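Note sheet for the following structure.
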Amino acid sequence: MALERHGVTPGDGDVLVTGANGGVGSFAISLLNRHGYSVIAATGARSRATTCGNRARPAS
């Protein structure tokens, strides 16, 4: 993965995924979670935040 090639590890902090409710974004979330990364999912519509996963919550 590109993050690991650049020295970023799961212990370095959260990874922001924009467009998280789309196909590529949801795949990125799944892949990052599987590799132990903590993910912050961002989407343009508050109503779509629930499609990002069961731990997703809308930004305040």
Side-chain angles (χ1 to χ4, degrees):
M1 289 180 45
L3 292 173
E4 292 170 353
R5 282 195 308 270
H6 292 283
V8 178
T9 65
D12 289 334
D14 298 332
V15 176
L16 174 64
V17 175
T18 59
N21 65 308
V24 173
S26 61
F27 181 76
I29 292 169
S30 177
L31 186 64
L32 288 163
N33 279 326
R34 196 171 315 153
H35 287 277
Y37 289 89
S38 177
V39 176
I40 296 175
T43 182
R46 184 177 289 242
S47 63
R48 294 182 182 170
T50 58
T51 65
C52 295
N54 60 0
R55 297 188 319 184
R57 58 181 183 229
S60 50

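Remember, predicted model here, so these are calculated numbers, not experimental data.
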Taking all non-hydrogen atoms of both residues into account, name the closest pair between Gly36 and Pro10 and its distance.
O-CB, 3.2 Å
To the nearest 0.5 Å, how far apart are OG in Ser38 and CG in Leu32?
10.0 Å
Between Asp14, Val17, Val8, which is the residue that forms a side-chain contact (heavy atoms from CB on, under 4.5 Å) with Tyr37?
Val8
Apart from Ile40 itself, residues in the same hydrophobic cluster as defined by side-chain heavy atoms under 4.5 Å:
Leu16
Do Leu3 and Asp12 have side chains that approach each other closer than 4.5 Å (heavy atoms only, starting at C-beta)?
no
